[in-house]
Amino acid sequence: MGPSKEMLNSACQCSLVSRVVIFGGTHGNEMSGVALAKHWLKEPSELQRKTFVAEPCLANPLAVEKCVRYVDSDLNRCFSEEILRSPESESDPYEFIRARELYQKYGSGSCLYDFIFDLHNTTSHMGATLLRCSADDIMSLHLANYLQSSSGSQSMPCYNYLIDIPKKDNVYLQNIGKHSLCLELGPQPQGVTRADVLSRMRELVNCGLDFIDLFNQGKEFPSFETDIYRVLSRVDYPRDSDGEISAIVHSGLQDKDYVPLKPGHPIFTTMNGEDLLYDGETVVYPTFINEAAYYEKKVAFISTEKVHLKVPALKLETGAEHNGTLQ
C-alpha cells in the first residue's frame, strides 16, 4: 500500500502541527530515549521552535526506575482499542494503566497531539531506523525523507521502515497521535547508554522538530521518490519438540540487517554445526536480527521487502498559517 493516485496528482495538505510530544523510556532499559527525556524534562529549551514547543515525556517511569523493558506487560503493545477502552480493574497490569493515562493525556478527543516521536534502541545492527505504522501518513513520510537528506551519517544511516497496520489493529504507542514517527537506533545493549547512539538520536529529534517548524511557517515540501522496507513476516528460531531453541543465528547473517538475503543462504546454525538455509523463493531484507528483546516474542528476525514509493508534495492547509506566536 502507499499513497493513492489521487494523492500523487496533487499536494497533500495537512493542518498546523502545534502539539508535539517526545516519548522516551517506553521501554525502560532503552537508554538513549530515557537519558534524553530526563534531560529535556529538566532543560526543555532545546525543544523550543518558533511555532511550537515540544513536550518531553517519560513513558514508562516505573520500568525506567527498575531499568527493565517493562514491569508487567510490554507498554508498546498496550495501545489496542480493547485495552484503552476497557474499564479499569485492580488486577490490571501496570502498563495497561499507564497506557490509558498516556492515551487520555495525548491521544483522546480534544487532547489529541499532532505529532508523536517515540524513542527506542535495539540491540540489532539497525542504524537509525525511522519506523512508521501507517502507509497513508504523508506527514511522517516527508519528515523521514527530511531526516534522510538533512542529517546524513555514514556510520549510522537512516532507513525508512513500515509496519503497515490498520489503525483498529495498531497496538503501538505511536498509534495514539495524529502523525507519528518511531526512532529505533542501534546496536546498543539493553541498560547501556552509548554516546554515539545518543548523539545521533538527539540530532534526529532536533532535525525532525526543525522540519515541523518549517512546515508550520508555510514551507512546501516537493514530491519525491524513496525506498522503504515493508514488513513481510516474523521468523522464529528453530525449536525442538520441547519448544526450546535448537539453533542460533548464523554468523553470516548476524549484524546484516537490511542486507539482501538470497534463497539458499545460511540463516541458522545448530549446536552440532549444521547450517540451516533460507528456503524462500525471493530476496528479502532481514531486520531486527537476533534482537535481545524479541527472544520472548519468538522472533529471530523480521523479514522485509524493499518497496519504491512515489510520495506527493506536502503543504500547509490553506488558511492554517501560523501567526508567529507560540501557543
Side-chain angles (χ1 to χ4, degrees), residues 20-47 49 54 56-60 63-64 67-69 76 116-132 140 143-161 173-174 180-212 226-229 249 251 253-259 285-295 301-302 304:
V20 179
V21 61
I22 303 168
F23 290 113
T26 303
H27 295 133
N29 57 3
E30 296 179 4
M31 301 306 293
S32 297
V34 170
L36 287 171
K38 285 183 174 182
H39 170 72
W40 288 328
L41 284 166
K42 294 178 180 178
E43 299 182 30
S45 60
E46 185 179 342
L47 306 182
R49 296 298 185 273
C57 176
L58 209 56
N60 195 336
V64 168
C67 197
V68 294
R69 181 175 173 87
N76 210 29
I116 285 176
F117 291 92
D118 190 18
L119 310 183
H120 289 262
N121 292 117
T122 170
T123 62
S124 301
H125 209 279
M126 294 283 285
T129 292
L130 313 175
L131 191 154
R132 301 176 305 107
S140 69
L143 193 151
N145 182 62
Y146 186 82
L147 296 184
Q148 287 179 305
S149 59
S150 303
S151 61
S153 171
Q154 293 184 346
S155 61
M156 199 174 293
C158 291
Y159 300 95
N160 198 329
Y161 195 90
L173 171 56
Q174 63 172 280
S180 60
L181 187 69
C182 171
L183 304 184
E184 279 274 7
L185 271 66
Q188 177 170 283
Q190 297 175 343
V192 172
T193 308
R194 286 183 51 139
D196 56 343
V197 177
L198 185 146
S199 177
R200 180 65 167 142
M201 181 176 283
R202 189 175 193 170
E203 175 190 23
L204 290 169
V205 171
N206 274 287
C207 191
L209 298 182
D210 291 343
F211 168 87
I212 293 172
T226 189
D227 290 326
I228 68 167
Y229 295 86
V249 170
S251 60
L253 181 64
Q254 183 66 51
D255 299 333
K256 297 299 191 300
D257 300 83
Y258 295 112
V259 175
Y285 298 81
T287 60
F288 289 102
I289 298 170
N290 212 9
E291 161 62 46
Y294 288 176
Y295 273 72
F301 63 88
I302 297 177
T304 71

What's the shortest heavy-atom distance between [X] and [Y], and which atoms?
X: R200; Y: C158; answer: NH2-SG, 3.5 Å
X: L253; Y: P286; answer: CD1-CG, 3.8 Å
X: R194; Y: P187; answer: CD-O, 3.8 Å
X: T123; Y: P189; answer: CG2-CA, 4.2 Å
X: L209; Y: A54; answer: CD2-CB, 4.0 Å
X: G33; Y: M201; answer: N-SD, 3.7 Å

I want to check something: taking the side chain as every heavy atom from C-beta on, are [X] and [Y] in contact at a cut-off of under 4.5 Å?
X: F211; Y: L147; answer: no
X: F301; Y: V249; answer: no
X: R49; Y: I212; answer: no
X: N76; Y: F23; answer: no

Distance-only polar pair, side chains of [X] and [Y], donor-acceptor under 3.5 Å:
X: R69; Y: N60; result: no
X: N121; Y: S32; result: yes
X: E184; Y: T122; result: no
X: Y229; Y: T287; result: no
X: D118; Y: T26; result: yes

For this session: Run the ring-centre check on Y285 versus Y159 and record whether the distance is less than 6.0 Å.
Result: no
For this session: Just do the side chain to side chain contact (heavy atoms under 4.5 Å, CB included) check on L130 and Q148 with the steps written out, would you?
Result: CA-CA 9 Å; L130 313 175; Q148 287 179 305; 4.0 Å; yes
Return the [atom1] to [atom2] distance between [X] and [Y], rounded to the nearest 0.5 Å.
X: L58; Y: I22; atom1: CG; atom2: CD1; value: 13.0 Å
X: L119; Y: H27; atom1: CG; atom2: NE2; value: 12.5 Å
X: Q254; Y: S251; atom1: CD; atom2: OG; value: 9.0 Å
X: L131; Y: L181; atom1: CG; atom2: CG; value: 8.0 Å
X: C207; Y: L143; atom1: SG; atom2: CG; value: 7.5 Å
X: S180; Y: F117; atom1: OG; atom2: CZ; value: 10.0 Å

For this session: Take V205 and W40 through the side chain to side chain contact (heavy atoms under 4.5 Å, CB included) test and state the conclusion after the steps.
Result: CA-CA 12 Å; V205 171; W40 288 328; 3.8 Å; yes
For this session: For side chain to side chain contact (heavy atoms under 4.5 Å, CB included), just list the numbers for N160 and R132, CA-CA rounded to whole Å, side-chain angles, deciding distance to a tenth of an Å, and then say yes or no.
Result: CA-CA 8 Å; N160 198 329; R132 301 176 305 107; 3.3 Å; yes
For this session: Would you sort out whether L185 and L204 count as a side chain to side chain contact (heavy atoms under 4.5 Å, CB included), showing the intermediate values?
Result: CA-CA 10 Å; L185 271 66; L204 290 169; 4.2 Å; yes
I'd like to know if the side chain of [X] and the backbone of [Y] have a donor-acceptor N/O pair within less than 3.5 Å.
X: S149; Y: Y146; result: yes
X: Q188; Y: V192; result: yes
X: S124; Y: I289; result: yes

